[in-house]
There are 2 protein chains.
Amino acid sequence: MSRATSIDVAVEAGVSQATVARAFSRPELVAEGTRRRVEEAADRLGYRPNAIARSLKSSRTNIVGAIVPASGEFWLRVLAALSAELADRGRQLLLFSFDDAEAVDDVIAAVDQYRLDGLIMASTSIAQQQVVRVAPTGLPIVAFNQPAVAGLVPSVSVDNAAGGATVAEHLVARDCRDVLFVGGVESASTDQLRYAGAARALGAYGVACPYLSAGAFSYDAGHAIAAELLARGPLPDGLMVAADEVAFGLIDGLEAAGVAVPDDVLVTGFDGLPQAAWAGYDLTTLVQPVDALASAAVDRLLTDAAPDADGVVPGTLRIGRSTTPAGLVVENSSSPDRAER
Amino acid sequence: MSRATSIDVAVEAGVSQATVARAFSRPELVAEGTRRRVEEAADRLGYRPNAIARSLKSSRTNIVGAIVPASGEFWLRVLAALSAELADRGRQLLLFSFDDAEAVDDVIAAVDQYRLDGLIMASTSIAQQQVVRVAPTGLPIVAFNQPAVAGLVPSVSVDNAAGGATVAEHLVARDCRDVLFVGGVESASTDQLRYAGAARALGAYGVACPYLSAGAFSYDAGHAIAAELLARGPLPDGLMVAADEVAFGLIDGLEAAGVAVPDDVLVTGFDGLPQAAWAGYDLTTLVQPVDALASAAVDRLLTDAAPDADGVVPGTLRIGRSTTPAGLVVENSSSPDRAER
DNA sequence: TGACCGGATGAGTACGTATTCATAGTGTTC
DNA sequence: GAACACTATGAATACGTACTCATCCGGTCA
């Protein structure tokens with residue numbers, strides 16, 4: 001007793017299969033009474049149009065693929081946002097998560113088989129050449145937070161450079177004269193842009209900004225780099241970290257070594273994870289507008305945007321205790337640095 | 001210039017379409033030389049089998065659906081684990097996330113259309129009747145961490161009752177004589193089981209264990225309930241919270257009010273989120289073996305397990321600072337309560 | 001040498017839908 | 001009342017694959 005088909009419904013309702021198909025896909029072409037009879041018959045048989053067969057005919061699946069790294073709080077948040085956004089537009093999300101960059105090739109092969117309506121590539125570690133290989137297949141693509149491929153395929157990302165600058169200026173406003181940028185993965189374009197934005201902004205104030213890589217965008221990497229930082233000599237005034245998760249690890253690593261944040265050193269993050277607002281850290285960070293980014297990405301995907309359509313969405317600075325030493329008096333406590341942006 | 005089909009390849013290779021199809025689906029039936037010729041022709045044309053058409057014929061999509069709540073750190077972790085597990089078995093994951101329980105009906109309708117190979121329902125807020133409605137369609141289902149439907153459909157979950165007991169016994173071992181259980185959503189079966197396990201275990205020691213609901217499984221709910229707790233009168237020795245995320249909020253709420261954890265009150269969580277291990281909280285919690293759970297769920301799904309096949313996987317206690325007051329001397333600091341389980 | 005067997009391949013069909021084309025029916029206009 | 005426009009419907013086909021069945025061919029055995 002398998003699923004009822006449109007033919008079963010046609011027999012039940014005493015009409016042709018074509019009429020059943022029309023009743024579901026273009027109801028305005030079917031007479032009122034007929035349509036009701038078809039609907040009743042369909043209800044009785046528990047009929048649902050078979051999306052697979054429909055896709056075969058129409059060559060549109062209503063499914064959008066998303067390639068997303070398998071770990072990291074930020075990506076998981078992005079995933080939820082994309083899923084919600086697609087659901088709003090009647091699409092489904094086929095998830096491809098991957099651990100290491102090599103697996104991306106397998107994923108791309110799979111994507112190809114499913115004739116998806118589009119593909120969102122969300123990762124900093126997908127190589128440029130891998131993206132390029134997909135592009136000619138005619139599959140609409142959008143790169144998510146992967147500014148390196150901007151120009152090759154439509155992309156959407158937060159304004160990393162401006163965000164880096166915003167955070168840097170905040171540190172200057174908090175009297176930092178000596179800042180160290182702690183990056184995640186040096187080759188990641190987001191890392192580079194955030195650093196470039198920060199270095200330029202700090203340069204305008206005559207503040208130098210060396211770069212140090214933690215080696216990964218993870219809590220553990222941040223925790224591990226703390227020791228190296230302390231071994232290097234005296235701490236700078238401010239540590240500007242390229243990602244919240246790394247910053248959490250770094251803060252914990254520092255405090256385990258007896259260094260207090262923000263009393264001994266100011267720390268900032270980047271991403272605006274929910275945990276940044278949790279009192280345990282209360283981290284100053286650049287909040288990525290995940291929902292807006294997801295919305296923009298889906299937009300570009302479904303309207304088949306031009307390859308050079310780069311959507312850059314501004315982030316917002318969240319100021320927390322991690323850059324607010326106990327002694328500091330701030331005029332407007334809710335958002336003291338609002339004017340900076 | 002659309003995609004090449006098996007017919008195009010057949011022409012190019014000078015064989016029939018049937019041979020091309022065989023070369024890809026059952027290569028052992030095709031002679032060595034022919035197969036090579038087909039493969040070369042396919043490469044030249046960039047041919048990939050169309051999974052949609054294959055599904056139509058074989059009525060197997062190789063796609064498994066997952067209905068997962070749109071928020072909550074725990075669910076996101078589950079999602080990543082499921083995706084990885086399915087990828088290992090050559091399946092894809094079609095994601096359906098939902099905000100409110102009503103949306104589940106829409107999701108189920110969508111699921112039905114895609115003729116998925118299986119469906120994983122991961123949520124405590126999916127009503128029993130909704131699950132039951134899906135069951136008769138013949139679609140293999142597995143309920144994930146939703147013990148309420150055990151017996152109706154195959155289910156997989158952590159041993160909530162035993163976990164609750166384990167945590168409770170740990171609190172007793174830490175000299176708690178007065179414990180309050182802070183639940184998330186009272187109607188959630190996970191909540192009930194964890195509470196029941198805890199209450200039974202505590203009862204054996206003559207320790208009472210009242211129940212208080214935070215109203216949601218969220219940081220904010222935990223934060224908000226802190227005030228109510230303090231207004232109720234003197235704090236108990238230990239607060240046993242039904243979920244890590246709630247516990248984080250509760251701890252922050254308490255500390256904002258000047259109550260120190262663990263010095264003034266011990267706090268435990270449940271789930272074992274990565275953040276529990278972060279030094280900011282260092283929470284004692286029952287770690288759910290997410291990967292093992294995901295693996296078990298996929299297993300049951302693909303082998304079409306019996307409806308009464310209930311997979312209950314044990315969790316492990318993680319002991320953190322949140323139940324280790326400064327004065328306490330512990331014999332084996334790495335895992336002092338290992339014997340408890 | 002003829003019957004037979006097994007492997008390799010081709011012709012044809014089915015999966016369930018959407019859509020094109022043809023046709024029957026119903027008014028409408030001069 | 002005939003020619004016409006228009007709506008509602010049915011018959012037939014295509015989407016791309018997998019699989020059944022039939023065919024062919026070289027080798028084997030009596």
Side-chain angles (χ1 to χ4, degrees), chain A residues 1-39 41-42 45-63 110 112-117 137-138, chain B residues 1-39 41-42 45-63 109-110 112-117 137-139:
Chain A
M1 73 171 214
S2 85
R3 238 42 198 116
T5 72
S6 58
I7 296 184
D8 299 333
V9 176
V11 171
E12 173 84 9
V15 297
S16 73
Q17 181 270 333
T19 300
V20 175
R22 268 191 287 260
F24 279 85
S25 62
R26 309 191 49 188
E28 72 278 9
L29 294 183
V30 177
E32 173 68 23
T34 311
R35 189 173 61 221
R36 232 196 8 258
R37 244 180 328 138
V38 170
E39 279 167 4
L45 300 178
Y47 168 76
R48 299 238 182 240
N50 183 329
I52 300 294
R54 190 208 319 267
S55 296
L56 183 59
K57 188 81 186 77
S58 64
S59 64
R60 302 199 47 244
T61 53
N62 273 0
I63 295 179
D112 218 16
Q113 292 198 356
Y114 279 99
R115 304 292 198 271
L116 303 180
D117 286 357
T137 63
Chain B
M1 69 173 217
S2 83
R3 241 34 204 122
T5 72
S6 58
I7 296 184
D8 299 332
V9 176
V11 171
E12 173 84 10
V15 298
S16 73
Q17 180 269 334
T19 301
V20 175
R22 269 191 287 260
F24 279 86
S25 60
R26 310 191 51 188
E28 72 278 8
L29 294 182
V30 176
E32 173 66 25
T34 311
R35 190 174 58 221
R36 231 195 11 257
R37 249 184 319 141
V38 169
E39 280 167 5
L45 299 178
Y47 167 77
R48 297 236 184 241
N50 183 329
I52 300 294
R54 172 183 311 161
S55 297
L56 183 59
K57 188 78 185 77
S58 65
S59 63
R60 302 199 47 244
T61 53
N62 273 1
I63 296 180
D112 218 17
Q113 293 198 353
Y114 279 99
R115 304 294 198 269
L116 303 179
D117 286 358
T137 63
L139 174 72

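Hydrogens, waters and symmetry mates play no part in the numbers below; they use all other heavy atoms, side chains included.
- Among residues two or more places apart in sequence or in another chain, the side-chain contact (heavy atoms from CB on, under 4.5 Å) test is passed with A/Leu29 by A/Arg22, A/Arg26.
- Atoms OG1 and CZ, on A/Thr19 and A/Arg37 in that order, are 9.0 Å from each other to the nearest 0.5 Å.
- Listed candidates were C/dT19, D/dT17, C/dA18. Nearest to the side chain of A/Ala18 is C/dT19.
- Here A/Ser58 lies out of heavy-atom contact (under 4.0 Å) with every strand.
- A/Phe24 has its CZ atom 10 Å from the P atom of C/dA18, to the nearest Å.
- Residues that satisfy the side-chain hydrogen bond (donor to acceptor under 3.5 Å, both in side chains) test with B/Ser55, not counting sequence neighbours, are absent from this structure.
- Atoms CZ (B/Arg60) and C1' (D/dC19) sit 16 Å apart, rounded to a whole Å.
- Distances shown here put a side-chain N or O of B/Ser6 below 4.0 Å from the OP1 or OP2 atom of D/dT17.
- In terms of position along DNA chain C, the nucleotide closest to B/Gln17 lies nearer the 5' end than the nucleotide closest to the other residue of the pair B/Leu56 and B/Gln17.
- For B/Asn50 and C/dC15, the CG to P distance is 18 Å, given to the nearest whole Å.
- For the pair B/Tyr47 and D/dT17, the criterion of a side-chain N or O lying under 4.0 Å from OP1 or OP2 is met.
- Atom NZ of B/Lys57 and atom C1' of D/dC19 are 6 Å apart (whole Å).
- At whole-Å resolution of the value, CZ in A/Arg3 and P in C/dT17 are 10 Å apart.
- When rounded to the nearest whole Å, the span between CZ of B/Arg26 and P of D/dA18 equals 11 Å.
- A heavy-atom distance below 4.5 Å is found between the side chains of B/Val9 and B/Val38.
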Practice problem: Kindly determine whether A/Asp112 and B/Arg3 satisfy side chain to side chain contact (heavy atoms under 4.5 Å, CB included), including the steps that lead there. | Solution: CA-CA 10 Å; A/Asp112 218 16; B/Arg3 241 34 204 122; 2.5 Å; yes
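- Distance alone, capped at 3.5 Å, is enough to place a donor-acceptor pair between the A/Arg35 side chain and the A/Pro27 backbone.
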Under 3.5 Å between N/O atoms: give me all the protein pairs with nucleotides 7-9 of chain D, atom names plus distance.
{"from": "D/dT9", "atom 1": "OP1", "to": "A/Thr34", "atom 2": "OG1", "distance (Å)": "2.1"}
{"from": "D/dT9", "atom 1": "OP2", "to": "A/Ala31", "atom 2": "N", "distance (Å)": "2.9"}

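- Counting heavy atoms from C-beta outward, B/Val20 and B/Val15 have side chains that approach closer than 4.5 Å.
- Per the geometry, CG belonging to A/Leu45 stands 14 Å off P belonging to C/dG16, to the nearest Å.
- Going from atom CD1 of A/Ile7 over to atom P of C/dA14 covers 11 Å, rounded to whole Å.
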